[in-house]
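As the structure is a prediction and not an experimental result, all values here were calculated from the model.
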Number of protein chains: 2
Amino acid sequence: MLAIGALARKTGTKVQTIRYYEQIGLMHDAGRTAGGQRRYSEKDLDRLAFIRHARQLGFPLDSIRELLDLSDNPAQRCDEADSIAQRQLQQVEQRIKRLQALRKELKRMVAECDGDTVAECKVLEVLRDHAECLTEHDRIGA
Amino acid sequence: MLAIGALARKTGTKVQTIRYYEQIGLMHDAGRTAGGQRRYSEKDLDRLAFIRHARQLGFPLDSIRELLDLSDNPAQRCDEADSIAQRQLQQVEQRIKRLQALRKELKRMVAECDGDTVAECKVLEVLRDHAECLTEHDRIGA
DNA sequence: CCCTCAATCTACAGTCACTGTAGCATATAG
DNA sequence: CTATATGCTACAGTGACTGTAGATTGAGGG
């Protein structure tokens with residue numbers, strides 16, 4: 001039985017994050033000692049490792065919740081898990097495209113700046129010149 | 001003089017976002033009509049366009065605040081603006097790298113799944129198997 | 001058995017950059 | 001003069017945590 005700190009160390013998770021996962025029902029309510037401290041089994045460790053791995057792959061918590069539910073019912077067909085992963089892949093590919101466009105514009109900005117006064121700074125000029133705006137008006141997804 | 005809705009339309013910004021920018025001091029406090037409605041000048045329009053363009057390039061609001069301050073003092077050297085842009089470029093490049101690694105792993109996951117039952121689903125298997133974890137334990141930056 | 005001190009507990013506020021909602025007030029066209 | 005589109009404030013919610021304050025617990029050593 002692991003205390004929360006040990007579990008945190010083993011999975012590279014912050015203690016608060018584990019408590020947060022419990023709070024939102026992603027981790028099951030942990031067993032407690034007489035004094036009220038959480039104790040974790042190997043199964044809990046596996047579940048948290050699953051969550052962290054999925055997070056590292058960029059899955060949002062809602063998708064992870066679905067994946068965990070699927071994982072708990074091994075007889076089902078896995079189409080759904082597959083499509084969640086596909087969706088995630090598509091999102092990642094979109095973000096890469098968007099970021100590559102940003103990189104291009106940022107590179108141009110930085111390259112053209114010859115380090116003179118602010119008045120003729122290319123960086124600020126590009127930002128000021130809204131004729132050069134990207135056409136899309138949505139949020140940058142980072 | 002533009003009402004807030006007109007300004008929003010011209011810049012592709014939501015009305016609430018403009019009010020939010022005013023609240024956090026990124027936009028100057030707007031002039032008001034007798035009835036208390038905000039009215040905007042061309043200068044305000046330029047400032048908002050600058051902010052939106054910088055946001056589209058992924059600059060955080062704090063950086064934009066700095067860039068606006070610089071832009072307001074045109075006699076200064078532009079080294080600082082340049083380095084803010086460089087910093088942003090580096091961040092974007094880091095994120096691209098990270099996302100490309102994610103894409104690779106996601107593609108492998110999806111490719112290996114042959115649509116059978118959940119029990120032998122490759123997607124879930126990869127997620128379960130924490131031996132295959134990415135070595136880094138930091139947040140995915142999206 | 002007692003002491004100490006790191007680890008844990010709860011509860012809540014803060015992060016970032018907005019977005020949404022409720023319940024009013026104002027401005028403008030017909 | 002009225003309808004209604006637009007505006008106002010104030011506050012709560014988003015995602016996925018992170019940080020803090022102040023109290024409690026547990027494990028090791030004397």
Side-chain angles (χ1 to χ4, degrees), chain A residues 1-27 29-40 44 48 50-68 88 91 95 98 137-142, chain B residues 1-27 29-40 44 48 50-68 88 91 95 98 137-142:
Chain A
M1 284 301 195
L2 300 166
I4 196 168
L7 182 65
R9 250 170 280 120
K10 276 185 184 254
T11 56
T13 313
K14 301 231 163 170
V15 166
Q16 296 105 306
T17 303
I18 298 173
R19 288 197 280 248
Y20 167 73
Y21 287 160
E22 180 181 306
Q23 191 190 311
I24 62 170
L26 206 57
M27 287 295 282
D29 285 12
R32 303 282 186 137
T33 62
Q37 296 195 2
R38 292 169 180 83
R39 287 297 179 269
Y40 295 93
D44 295 323
L48 182 55
F50 184 106
I51 295 169
R52 294 311 290 175
H53 196 178
R55 284 295 297 132
Q56 281 166 8
L57 288 168
F59 288 93
L61 295 183
D62 278 357
S63 298
I64 296 174
R65 207 186 294 271
E66 287 182 71
L67 290 167
L68 283 166
Q88 178 61 17
Q91 285 221 350
R95 284 186 194 161
R98 183 104 180 90
H137 266 154
D138 49 3
R139 265 203 285 167
I140 49 94
Chain B
M1 284 299 197
L2 299 165
I4 196 167
L7 182 65
R9 252 170 279 121
K10 275 185 185 253
T11 55
T13 313
K14 300 231 164 170
V15 166
Q16 296 104 304
T17 303
I18 299 173
R19 289 198 279 247
Y20 168 72
Y21 287 160
E22 180 181 304
Q23 192 190 311
I24 62 169
L26 206 57
M27 288 293 283
D29 285 12
R32 304 281 186 136
T33 63
Q37 297 196 0
R38 292 172 179 81
R39 288 297 180 269
Y40 295 93
D44 295 323
L48 182 55
F50 184 106
I51 294 169
R52 295 310 290 175
H53 196 178
R55 284 296 296 133
Q56 282 166 8
L57 288 168
F59 288 92
L61 294 183
D62 278 357
S63 298
I64 296 174
R65 208 186 293 272
E66 287 183 71
L67 289 168
L68 282 166
Q88 179 60 18
Q91 284 219 351
R95 284 185 195 163
R98 183 108 181 87
H137 266 153
D138 48 3
R139 266 203 285 167
I140 50 94

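For the pair B/T17 and C/dA17, the criterion of a side-chain N or O lying under 4.0 Å from OP1 or OP2 is not met. A sub-4.0 Å separation between OP1 or OP2 of D/dC17 and a side-chain N or O of A/Y21 is present. One finds a side-chain N or O of B/R38 lying less than 4.0 angstrom from the OP1 or OP2 phosphate oxygen of D/dC8.
Atom CD1 in B/I4 sits about 12 Å away from atom C1' in D/dT9, given to the nearest Å. The CG atom of A/L2 sits 13 Å away from the P atom of D/dA27 (whole-angstrom rounding). Atom P of nucleotide C/dA17 and atom CZ of B/R52 are separated by 11 Å, given to the nearest angstrom. Atom CZ in A/R65 sits about 12 Å away from atom C1' in D/dA16, given to the nearest Å. Distance, B/E22 CD to D/dC8 P: 9 Å, rounded to whole Å. Residue A/I18 contributes atom CD1, which lies 13 Å from atom C1' of C/dA7 at whole-angstrom precision. To the nearest angstrom, P of D/dC8 lies 18 Å from OH of B/Y20. Rounded to whole angstrom, the span from the CG atom of A/L48 across to the P atom of D/dA16 amounts to 15 Å.
Not counting sequence neighbours, the partners of B/E22 by the salt bridge (Lys or Arg N to Asp or Glu O under 4.0 Å) test are B/R32, B/R38. For A/Q23, there are no side chain to side chain contact (heavy atoms under 4.5 Å, CB included) partners at least two apart in sequence or on another chain. For B/Q91, the side chain to side chain contact (heavy atoms under 4.5 Å, CB included) criterion is met by B/R95, not counting sequence neighbours. Not counting sequence neighbours, the partners of B/R65 by the side chain to side chain contact (heavy atoms under 4.5 Å, CB included) test are B/I24, B/L26, B/D62.
Base-pairing analysis of DNA chain C finds the following stems of at least three consecutive Watson-Crick or G-U pairs, with both pairing distances under 3.5 Å: C:1-30 with D:1-30.
Heavy atoms only, all atoms of each residue included: B/R55 and B/P60 are closest at NH1-CA, 4.1 Å.
Of the residues near DNA chain D, B/V15 and B/Q23, the one whose nearest nucleotide (by heavy atom distance) lies more toward the 5' end is B/V15. Nearer to the 5' terminus of DNA chain C, by closest-nucleotide assignment, is the contact made by A/R32 (compared with the other of A/R32 and B/L61).
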**Prompt:** How far apart are the C-alpha atoms of B/K10 and B/L2, what are their side-chain angles, what is the distance that settles it, and do they pass the side-chain contact (heavy atoms from CB on, under 4.5 Å) test?
**Reply:** CA-CA 10 Å; B/K10 275 185 185 253; B/L2 299 165; 4.0 Å; yes

**Message:** Determine whether B/F59 and B/E66 satisfy the following criterion, side-chain contact (heavy atoms from CB on, under 4.5 Å), listing intermediate values before the conclusion.
**Reply:** CA-CA 11 Å; B/F59 288 92; B/E66 287 183 71; over 6 Å; no

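Atoms CE and CD1, on A/M27 and A/I18 in that order, are 7.0 Å from each other to the nearest 0.5 Å. With rounding to the nearest 0.5 angstrom, the CG atom of A/D44 is 7.5 Å from the CG atom of A/L7.
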**Request:** Indicate for each nucleotide in nucleotides 20-30 of chain C, in 5' to 3' sequence, whether protein heavy atoms under 4.0 Å reach the base (B), only the sugar-phosphate (S), or nothing (-).
**Result:** BB----BS---

